[in-house]
Amino acid sequence: MPKTYLDYAATTPCDPKVTRAMSVFLKKDFGNPSSIHNFGQKASMAIGGARQSVAEFLGCESEEIVFTGSATEADNLAIFGTVKASKITKPHIITSQIEHPAVLESCRELEKQGAEITYLPVNKDGVVEIAELKKALRPNTLLVSIIYANNEVGTIQPIAEIGELIGHAMSSGHRMSKIYFHTDAVQAANFLDCDVKKLGVDLLTLSAHKIYGPKGIGALYVKKGTPIAPVIYGGGHERGLRSGTENVAGIVGLGQAIKEIQNPKLKIQNIKIRQFRDKLIKTILKIIPGSRLNGSLTQRLANNVNISFDGAEGEAIIVMLDQKGIAASTGSACSSGSLEPSHVLLAMGLSEEQAHGSLRLTLGKLTTQQDIEKVFKVLPTVIQRLRKISGYHS
Ligand SMILES: *Cc1c(COP(=O)(O)O)cnc(C)c1O
């Protein structure tokens with residue numbers, strides 16, 4: 001049975017060019033980049049090249065890129081690192097209720113340690129309102145961390161506008177100190193402009209495995225002059241911000257993946273992905289009564305479909321789809337396998353019951369017309385069967 005993979009927001013397969021570039025540094029050029037000999041220098045040069053590729057993508061200097069062991073680690077470094085380096089006695093952080101757990105749980109931990117945190121609400125479309133953010137600013141606000149594009153419902157946040165607002169607040173206000181702005185751009189990188197100057201951010205997170213690169217490698221952009229302390233100590237790699245022998249192959253893979261997502265061919269691929277997305281949304285809502293789209297229709301990533309079905313649980317839908325050869329997700333980024341309702345859907349005003357019933361289909365560059373048609377064929381029967389079990393009547 002051919003397998004249909006519609007879970008690209010969870011992870012992506014490595015691009016063949018990525019695996020080819022990586023294998024050289026796993027086998028032939030395996031040196032430790034800290035070594036002075038030729039093996040080490042080759043590895044060190046490769047890291048430099050990858051750093052340059054990431055910097056070009058973000059429109060920054062290569063010295064402003066720190067490679068980390070994951071995007072989760074990059075988010076942690078951005079948040080804990082700036083708080084640790086700050087002189088504010090009780091720093092205030094503004095984030096949103098729809099962040100990835102890597103940001104949300106870091107903020108919760110800092111809250112336990114005495115920091116003040118504002119978790120901004122979102123509107124029913126899942127978008128942060130600028131006015132809410134403006135109201136939340138305080139004299140002791142140190143950091144604002146807002147996700148660029150949400151991993152569950154794909155909503156795109158007005159990052160450039162927020163960047164501008166923070167800039168204004170600093171030039172006009174009687175501020176104690178600078179406000180730093182971080183965005184998690186992990187899901188955005190495939191589809192949106194990540195130029196850090198246009199966005200007005202001081203810190204930005206990327207992950208390789210969401211952009212057709214390997215797992216276990218991330219990057220944090222840290223604008224020159226941003227006070228930040230490490231969260232990992234050791235030999236002083238990555239300008240002291242991330243000790244530990246560099247994951248050379250992983251870094252090379254990230255560099256290659258970043259090059260590939262800037263390939264002009266991708267623009268055409270992304271148009272196709274968006275057409276598939278629109279077809280999925282339109283058709284599912286039409287052929288399955290009692291279904292509802294979650295998240296904005298317009299401010300939405302080109303590859304994200306997130307739909308709730310009355311009388312059918314998300315997890316049960318996923319299991320049944322898997323039996324029919326379709327890999328999908330409920331969208332919740334929780335890896336514990338717990339059946340908690342999605343914090344993102346709850347923040348958007350859905351009831352607990354509705355927040356349990358969602359199906360996320362995320363598309364990628366290998367998605368085909370046949371994949372889409374398979375969903376149309378299989379999904380209505382799955383929902384019908386589950387509704388029969390739950391005793392739901394429309
Ligand atoms: C996947 C994801 C992460 C975590 O990335 P890892 O590299 O797997 O740690 C962080 N933020 C968002 C928005 C994600 O989708």
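The first residue in the sequence is number 1, and the count goes up from there.
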Side-chain H-bond candidate by donor/acceptor type, D125 with S296, under 3.5 Å: no

Criterion side-chain contact (heavy atoms from CB on, under 4.5 Å) on N304 and R360, from CA distance to verdict: CA-CA 7 Å; N304 179 291; R360 180 186 75 181; 4.1 Å; yes

Residue pair E116 / N140, side-chain heavy-atom distance below 4.5 Å: yes

K84 side-chain N/O to P230 backbone N/O, donor-acceptor pair under 3.5 Å: yes

Intermediate values then yes/no, side-chain contact (heavy atoms from CB on, under 4.5 Å), R292 and D310: CA-CA 9 Å; R292 194 173 343 90; D310 296 335; 2.9 Å; yes

Closest contact, heavy atoms only, L321 versus A328: CD1-CB, 4.1 Å

Heavy-atom check, side chain of L386 versus side chain of E313, under 4.5 Å: no

Heavy-atom side-chain contact between L192 and L301 under 4.5 Å: yes

Worked check of side-chain contact (heavy atoms from CB on, under 4.5 Å) between K365 and D15: CA-CA 10 Å; K365 60 183 184 183; D15 186 282; 2.7 Å; yes

Close side-chain approach of H237 to F67, heavy-atom, < 4.5 Å: no

Expected output: side-chain T183 to main-chain Y148 donor-acceptor under 3.5 Å: yes

Inter-residue atom distance T82.OG1 - I179.CD1, 0.5 Å rounding: 12.5 Å

Over-ring placement of K42 relative to F39, 6.0 Å and 45° cut-offs: no

Minimum side-chain heavy-atom gap V248-I47 below 4.5 Å: yes

Backbone of E152 reached by a side-chain donor or acceptor of N306 within 3.5 Å: yes

Joint hydrophobic cluster, L359 plus V378, side-chain heavy atoms closer than 4.5 Å: yes

Hydrophobic cluster membership, V122 vs I146, 4.5 Å side-chain cutoff: yes

Separation between CZ of F376 and CD1 of I287, rounded to the nearest 0.5 Å: 6.5 Å

Heavy-atom pair with the smallest gap, counting every atom of V196 and G59: CG2-O, 4.1 Å

Candidates N76, D184, D75 - the one meeting side-chain hydrogen bond (donor to acceptor under 3.5 Å, both in side chains) with T205: D75

Least distance between heavy atoms, R277 atom then N303 atom: CD-N, 4.4 Å

Beyond-backbone contact of Q354 with L345, side-chain heavy atoms, under 4.5 angstrom: no

Non-hydrogen side-chain atoms of Q187 and I147 separated by less than 4.5 Å: no

Atom NZ of K259 with >12 non-hydrogen neighbours under 6.0 angstrom: no

Path from I318 to V375 over hydrophobic side-chain contacts below 4.5 Å: yes

Same cluster (ILVMFWY, side-chain, under 4.5 Å), L199 and V54: yes

S177 vs K87, side-chain hydrogen bond (donor to acceptor under 3.5 Å, both in side chains): CA-CA, chis, key distance, verdict: CA-CA 9 Å; S177 57; K87 294 187 180 69; over 6 Å; no

Under 3.5 Å: donor-acceptor pair, side chain of T155, backbone of G295: no

Side chain to side chain, L203 and I79, heavy atoms closer than 4.5 Å: no

Spacing of CD1 belonging to I317 relative to OG1 belonging to T330, to within rounding of 0.5 Å: 9.5 Å

NZ (K17) with more than 12 external heavy atoms under 6.0 Å: no

Polar side-chain atom of S96 near backbone of I98 as donor-acceptor pair, under 3.5 Å: yes

Backbone of G40 reached by a side-chain donor or acceptor of S44 within 3.5 Å: no

Non-hydrogen atoms of A185 and C194 that approach each other most closely: CB-SG, 4.3 Å

same_hphob_cluster(I130, V128) at 4.5 Å side-chain heavy-atom cutoff: yes

Rounded distance (nearest 0.5 Å) linking atom CG of N247 with atom OG of S70: 11.0 Å

Side-chain (S358) to main-chain (A355) donor-acceptor, under 3.5 angstrom: no

Salt bridge (charged side-chain N to carboxylate O under 4.0 Å, His left out) assessment of R51 paired with E238: CA-CA 11 Å; R51 204 184 299 282; E238 296 296 293; 2.9 Å; yes

side-chain contact (heavy atoms from CB on, under 4.5 Å) between Y212 and N190, worked out: CA-CA 9 Å; Y212 308 95; N190 275 317; 3.8 Å; yes

Y8 backbone acceptor or donor facing T362 side chain under 3.5 Å: yes

For A21 against V252, the heavy-atom pair lying closest together: O-CG1, 3.7 Å

CD-CD1 distance between E161 and I159, expressed to the nearest 0.5 angstrom: 10.0 Å

Sole candidate of H343, Q97, E111, E99 that passes side-chain hydrogen bond (donor to acceptor under 3.5 Å, both in side chains) when paired with Y119: E111

Over 12 non-hydrogen atoms of neighbours within 6.0 angstrom of CD in E353: no

Nearest heavy atoms of H356 and E340, plus distance in Å: CE1-C, 3.9 Å

Polar side-chain atom of T118 near backbone of L120 as donor-acceptor pair, under 3.5 Å: no

Nearest-0.5 Å distance, CZ of residue R274 to NZ of residue K272: 14.5 Å

Expected output: side-chain E105 to main-chain H100 donor-acceptor under 3.5 Å: no

